[in-house]
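Below is one structure, written out as structure tokens; comments come after it.
Numbering of ligands and ligand atoms starts at 1, following listing order.
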Amino acid sequence: MSTLGKPANIFWHECPVGKLERQKLLQQKGCVVWITGLSGSGKSTLACSVGRELHTRGKLSYILDGDNLRHGLNKDLGFKPEDRAENIRRVGEVAKLFADAGLICIASLISPYRRDRDACRALLPDESFIEVYMNMPLEVCEQRDAKGLYKLARAGKIKGFTGIDDPYEPPLNCEIEIQQKDGICPTPLVMAGQVVSYLEEKGFLQEP
Ligand SMILES: Nc1ncnc2c1ncn2[C@@H]1O[C@H](COP(=O)(O)OS(=O)(=O)O)[C@@H](OP(=O)(O)O)[C@H]1O
Ligand SMILES: Nc1ncnc2c1ncn2[C@@H]1O[C@H](COP(=O)(O)OP(=O)(O)O)[C@@H](O)[C@H]1O
């Protein structure tokens with residue numbers, strides 16, 4: 001039996017090599033870069049661009065992409081609010097493990113509900129959850145429609161599609177916001193630069 005989510009008769013096992021030592025080995029600080037936004041807003045593009053930029057600088061990162069995880073870990077989940085909540089909860093827990101391993105974990109999911117994102121933030125130590133909001137207008141995402149899903153949603157062939165007939169709740173206090181300037185979307189390299197500069201300024205790219 002468990003109470004309040006804490007399992008009974010289960011004990012925490014400490015391991016001899018800790019987070020600090022792993023971070024020293026990697027010469028970086030573990031953290032979670034959580035990219036949220038509408039389908040087609042550029043989350044995966046940004047995640048890959050940040051991953052490449054960090055790799056070039058000799059920093060170890062790993063991408064947790066919503067679409068990809070739904071092929072395995074989360075393949076039992078759909079898009080009902082409770083399924084999305086469970087999806088985000090699981091990815092939040094996995095991201096926490098990657099950050100504990102000393103990696104810069106880049107999570108890229110629509111994660112439309114504020115409460116679910118905030119719950120992931122609460123899992124991480126102060127300042128090591130970096131929320132990146134892809135603030136792209138719905139019209140831009142819909143025009144891109146890289147997977148043809150907006151068309152299907154507008155035709156009523158997909159129900160509960162984020163931005164169409166399911167809500168997206170923008171962050172209230174994100175660390176980084178990516179948006180258009182004069183109606184033009186920054187290039188993937190420029191977007192990645194914004195994230196990497198933040199990581200650098202906050203000291204995540206140097207050993208603790
Ligand atoms: N109903 C509905 N609403 C939104 N998105 C849908 C839906 N059905 C399928 N898809 C596709 O699933 C991708 C989103 O998966 P996520 O795990 O990121 O979603 S969520 O965070 O649980 O809301 C999303 O990928 P991205 O376009 O990369 O965001 C879509 O391709
Ligand atoms: N900064 C950008 N400028 C122009 N097109 C972009 C940009 N970022 C992404 N795209 C394009 O938009 C589409 C959706 O991008 P993607 O990264 O798959 O979004 P998401 O992961 O949020 O669904 C793709 O065709 C991608 O090439």
Side-chain angles (χ1 to χ4, degrees), residues 32-53 61-95 105-121 123 129 131-171 174 176-197:
V32 175
V33 175
W34 189 281
I35 307 173
T36 172
L38 293 170
S39 175
S41 59
K43 301 182 298 297
S44 303
T45 304
L46 174 60
C48 291
S49 197
V50 171
R52 170 55 63 193
E53 193 60 27
S61 68
Y62 192 80
I63 297 173
L64 299 175
D65 190 280
D67 259 334
N68 295 352
L69 294 172
R70 281 174 176 276
H71 283 90
L73 177 68
N74 294 331
K75 69 176 169 193
D76 56 326
L77 301 174
F79 290 90
K80 291 180 293 190
E82 56 271 34
D83 280 8
R84 293 190 201 246
E86 175 60 10
N87 183 32
I88 303 314
R89 189 193 69 78
R90 286 183 199 171
V91 179
E93 290 285 356
V94 174
C105 180
I106 306 165
S108 159
L109 299 98
I110 296 180
S111 41
Y113 310 138
R114 214 171 275 139
R115 194 173 71 161
D116 299 337
R117 294 193 303 266
D118 288 347
C120 292
R121 180 186 288 275
L123 292 172
F129 183 89
E131 194 170 358
V132 182
Y133 173 34
M134 301 298 298
N135 186 3
M136 291 297 142
L138 175 65
E139 307 81 70
V140 170
C141 302
E142 197 167 349
Q143 205 166 16
R144 288 176 175 168
D145 206 7
K147 299 167 189 158
L149 297 180
Y150 280 103
K151 205 169 167 204
L152 291 175
R154 287 288 185 198
K157 291 181 180 155
I158 300 179
K159 303 280 183 213
F161 197 79
T162 306
I164 305 296
D165 55 352
D166 209 67
Y168 178 81
E169 300 168 358
C174 61
I176 301 172
E177 185 171 346
I178 308 276
Q179 56 188 336
Q180 294 185 316
K181 284 188 187 72
D182 303 322
I184 296 168
C185 182
T187 64
L189 205 60
V190 169
M191 299 193 299
Q194 210 177 319
V195 176
V196 173
S197 300

Any sub-3.5 Å donor-acceptor pair from [X]'s side-chain atoms to [Y]'s backbone N or O?
{"X": "D145", "Y": "L149", "answer": "yes"}
{"X": "D182", "Y": "I184", "answer": "no"}
{"X": "N87", "Y": "D83", "answer": "no"}

Residue pairs passing the salt bridge (Lys or Arg N to Asp or Glu O under 4.0 Å) test with at least one member in residues 132-143, sequence neighbours excluded, are E142-R154
Does CD belonging to Q143 count more than 12 external heavy atoms closer than 6.0 Å?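 Atom CD in Q143 is not crowded, with 12 or fewer foreign heavy atoms closer than 6.0 Å.
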Atoms in ligand 1 with a heavy atom of [X] nearer than 4.0 Å:
{"X": "S39", "result": "26 (P), 27 (O), 29 (O)"}
{"X": "I88", "result": "21 (O)"}
{"X": "P112", "result": "21 (O), 23 (O)"}
{"X": "T162", "result": "3 (N), 4 (C)"}
{"X": "L109", "result": "17 (O), 18 (O), 21 (O)"}

Partners passing side chain to side chain donor-acceptor pair (under 3.5 Å) against E131 (at least two apart in sequence or in another chain):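 E131: side chain to side chain donor-acceptor pair (under 3.5 Å) contacts with R117, R121.
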Gap between atom OG of S111 and atom CG of D116 - 0.5 Å precision: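 The CG atom of D116 sits 8.5 Å away from the OG atom of S111.
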Once rounded to the nearest 0.5 Å, what's the spacing between atom CG of N68 and atom CG of L73? 12.0 Å
N/O to N/O below 3.5 Å, does that happen between I110 and ligand 1?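 So ligand 1 has an N or O lying under 3.5 Å from an N or O of I110.
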If you measure every N or O of G160 against every N or O of ligand 1, does any of those distances drop under 3.5 Å?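 Yes: some nitrogen or oxygen of G160 is under 3.5 Å from one in ligand 1.
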Side chain, backbone, both or neither: which part of [X] has a heavy atom under 4.0 Å from ligand 2?
{"X": "P186", "value": "backbone"}
{"X": "M134", "value": "neither"}
{"X": "L38", "value": "backbone"}
{"X": "S44", "value": "both"}
{"X": "K43", "value": "both"}
{"X": "C185", "value": "side chain"}

Identify the protein heavy atom lying closest to [atom], giving its residue, its atom name and the separation to 0.1 Å.
{"atom": "atom 21 (O) of ligand 1", "result": "S111 N, 2.8 Å"}
{"atom": "atom 3 (N) of ligand 1", "result": "R84 NH2, 3.2 Å"}
{"atom": "atom 13 (C) of ligand 1", "result": "D67 OD1, 3.3 Å"}
{"atom": "atom 28 (O) of ligand 1", "result": "K147 NZ, 2.9 Å"}
{"atom": "atom 29 (O) of ligand 1", "result": "K43 NZ, 2.8 Å"}
{"atom": "atom 10 (N) of ligand 1", "result": "F79 CZ, 3.4 Å"}

Measure [X] to ligand 1 on non-hydrogen atoms and call it side chain, backbone, both or neither using the 4.0 Å cut-off.
{"X": "N87", "value": "side chain"}
{"X": "F161", "value": "both"}
{"X": "L149", "value": "side chain"}

If the threshold is 4.0 Å, N to carboxylate O, is there a salt bridge linking D166 and R84? yes
Give a yes or no on whether a salt bridge exists between R90 and E93, defined as a side-chain N under 4.0 angstrom from a carboxylate O. no
Given C185, P186, S41, the one that forms side chain to side chain contact (heavy atoms under 4.5 Å, CB included) with I178: P186
[atom]: which of [options] has the nearest heavy atom?
{"atom": "atom 24 (C) of ligand 2", "options": "A146, G40, S108", "value": "A146"}
{"atom": "atom 15 (O) of ligand 1", "options": "R70, R117, K159", "value": "R70"}
{"atom": "atom 19 (O) of ligand 2", "options": "G66, P188, C141, G42", "value": "G42"}
{"atom": "atom 11 (C) of ligand 2", "options": "K147, R144, Q143, M136", "value": "R144"}

At less than 4.0 angstrom from any non-hydrogen atom of M191, what atoms of ligand 2 do you find? 1 (N)
Closer than 4.0 Å to some heavy atom of T45 - which atoms of ligand 2 meet that? 8 (N), 9 (C), 15 (O), 16 (P), 17 (O), 26 (C)
For Y133 and Y168, take the angle between the two ring planes, folded into 0 to 90°, and tell me which bin it lands in: parallel under 30, tilted 30 to 60, perpendicular over 60. parallel
Do [X] and [Y] have side-chain heavy atoms sitting under 4.5 Å apart?
{"X": "I164", "Y": "T162", "result": "no"}
{"X": "M136", "Y": "L38", "result": "no"}
{"X": "C105", "Y": "L64", "result": "yes"}

Ignoring hydrogens, what is the shortest heavy-atom contact between M134 and M191? Give both atom names and the distance.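 Nearest heavy atoms, M134 then M191: CE-SD, 3.9 Å.
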